[in-house]
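To find a chain, count down the sequence lines: A is the first, B the second, and so on, and within it residues start at 1.
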Number of protein chains: 2
Amino acid sequence: METNIVLLAPLFEILNDIQPLSEKLKLLFIKHFKIEEVKKGKVLLFEKDICKSLWFLCDGLLRSYHNIGDKEITSRIMYTGHIVISAGSFFTQTPATESIEALADCVVAKLSFNDLQDIYKRFPEFNYHTRLITEQYFYKQEQRLYMLRKHDAAAKYNFFLENYAEYLKDIPQKYIASFLNVAPETLSRTRSKLGKS
Amino acid sequence: METNIVLLAPLFEILNDIQPLSEKLKLLFIKHFKIEEVKKGKVLLFEKDICKSLWFLCDGLLRSYHNIGDKEITSRIMYTGHIVISAGSFFTQTPATESIEALADCVVAKLSFNDLQDIYKRFPEFNYHTRLITEQYFYKQEQRLYMLRKHDAAAKYNFFLENYAEYLKDIPQKYIASFLNVAPETLSRTRSKLGKS
DNA sequence: AATGCTTGTTGACTTTTGTCAATAAATTTT
DNA sequence: AAAATTTATTGACAAAAGTCAACAAGCATT
């Protein structure tokens with residue numbers, strides 16, 4: 001319980017910044033969120049499973065990925081402080097088209113879809129918070145769309161550097177490559193060219 | 001006023017499907033939404049302007065686009081029934097990084113940001129509707145992200161056919177090309193290859 | 001620390017796409 | 001309807017990225 005409060009503090013800060021949370025709602029969060037440790041390499045959500053929870057990433061690094069043919073494509077990279085779901089699956093409670101995997105040892109706070117619905121029912125004003133958060137994530141997603149329309153691999157990699165530089169050393173390069181939609185060899189060459197200039 | 005009710009009916013249907021709207025809220029919408037005709041080629045929102053309204057596209061076809069270097073890139077294609085905004089600009093009331101243009105003669109119902117905030121204030125339960133709508137649009141955006149990570153031009157064009165076939169003849173091919181992130185010449189060649197097989 | 005496995009780099013080559021230019025087709029304007 | 005403008009197609013070539021393969025480097029594990 002005590003750990004819960006400490007680990008959820010950053011989430012409460014995000015939510016309070018939108019609109020102060022009532023004490024009752026805070027207590028309900030503390031009650032429903034379950035803290036879990038996820039070891040590097042572990043898969044939080046498997047493709048085809050239903051995303052039945054939302055995770056607040058207290059600490060660590062995650063990626064989501066899906067398969068196209070024989071290739072694995074990294075779709076998102078999520079770091080400490082992120083609210084993590086597989087959107088399509090969570091919103092509609094249908095099978096996921098992507099998996100979510102830990103790129104480092106993580107601590108997550110897990111909230112089930114059902115508990116969240118219960119929270120919405122009891123505290124309708126919480127819709128306001130999630131509306132604003134969804135809007136924010138929507139906008140970030142739009143940025144990634146722009147990134148993918150950039151001309152060449154160098155421009156895409158620069159986007160990565162501008163947005164994920166902190167995590168550069170913690171993410172295997174092959175995952176960065178597929179995130180940017182280039183072959184690993186191409187990213188390797190792009191990096192060595194950029195380094196020399 | 002009468003026209004308002006008729007033209008807003010599809011929007012009310014979308015909202016009612018989420019959760020029935022109160023009569024008072026409906027009346028407020030009818031009061032605040034302004035119907036406008038937008039001729040083909042007209043620009044609804046100019047880059048660098050603030051997106052001060054949301055539009056419900058009663059009828060017609062729109063595209064959003066931004067400039068990279070000397071090139072114009074189509075980022076979205078929006079058809080009848082869409083709720084249209086420039087997300088980043090509207091949510092934060094800061095200058096837009098994209099323009100929105102009519103690809104056909106359109107009828108739009110326009111709601112100002114300020115009037116919308118007023119609606120949120122008076123009817124907080126409306127946050128529930130917009131939360132679900134934002135979730136839906138988020139998911140659609142995710143699909144477009146997947147599309148851009150597809151291997152080749154043919155796969156991207158097939159995505160377009162699956163999702164926008166109805167509007168194929170109304171959208172100049174050069175806009176489809178930039179939407180799919182390929183050169184117009186490449187799309188032309190891809191189409192002629194696909195047609196022959 | 002040594003072994004084995006995975007990941008990253010580099011080279012040679014292929015494929016795809018982009019670019020430039022000319023022409024054809026379609027649209028718009030007068 | 002004709003002229004003018006824009007858009008689409010096609011060809012020739014260049015550039016970028018993908019693929020395959022060999023090797024090096026980095027990590028885990030023991």
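Place B:Glu185 and B:Tyr175 on DNA chain D by their nearest nucleotides, and B:Tyr175 ends up nearer the 5' end. Annotation: of the two residues near DNA chain C, A:Pro172 and B:His151, the 5′-most nearest-nucleotide partner is A:Pro172.
Here C:dT7 presents its C1' atom at 9 Å from CD of A:Gln173, a figure rounded to the nearest Å. Spacing between atom CD1 of B:Ile171 and atom C1' of D:dT7 amounts to 15 Å, rounded to whole angstrom units. Look at CG on A:Asp152: it is 10 Å from C1' on D:dA17, rounded to the nearest Å. The interatomic distance linking B:Glu72 (CD) with D:dT7 (C1') rounds to 14 Å, in whole Å. In this structure, B:Leu180 places its CG atom 18 Å from P of C:dT16, rounding to the nearest Å. We find that CZ of A:Arg149 is positioned 17 Å from C1' of C:dT17, with the value rounded to whole Å. For A:Arg191 and C:dT10, the CZ to C1' distance is 15 Å, given to the nearest whole Å. For the pair B:Lys174 NZ and C:dT27 P, the computed distance is 14 Å after rounding to whole Å.
Taking the centre and axis of the six-membered ring of A:Phe29, the NZ or CZ atom of A:Lys26 falls outside the cone set by 45° and 6.0 Å. The cationic group of A:Lys156 does not satisfy the cation-pi geometry with A:Phe159, failing either the under 6.0 Å distance to the six-membered ring centre or the 45° limit from the ring axis. Taking the centre and axis of the six-membered ring of A:Tyr65, the NZ or CZ atom of A:Arg63 falls inside the cone set by 45° and 6.0 Å.
Taking only distance into account, the side chain of A:Arg189 meets the base of D:dT19 through a donor-acceptor pair shorter than 3.5 Å.
Between A:Tyr164 and A:Tyr79, the ring-plane angle classifies as perpendicular under the 30° and 60° cut-offs.
Within 4.0 Å of B:Lys71, counting heavy atoms only, lie sugar-phosphate atoms of the nucleic acid but no base atom.
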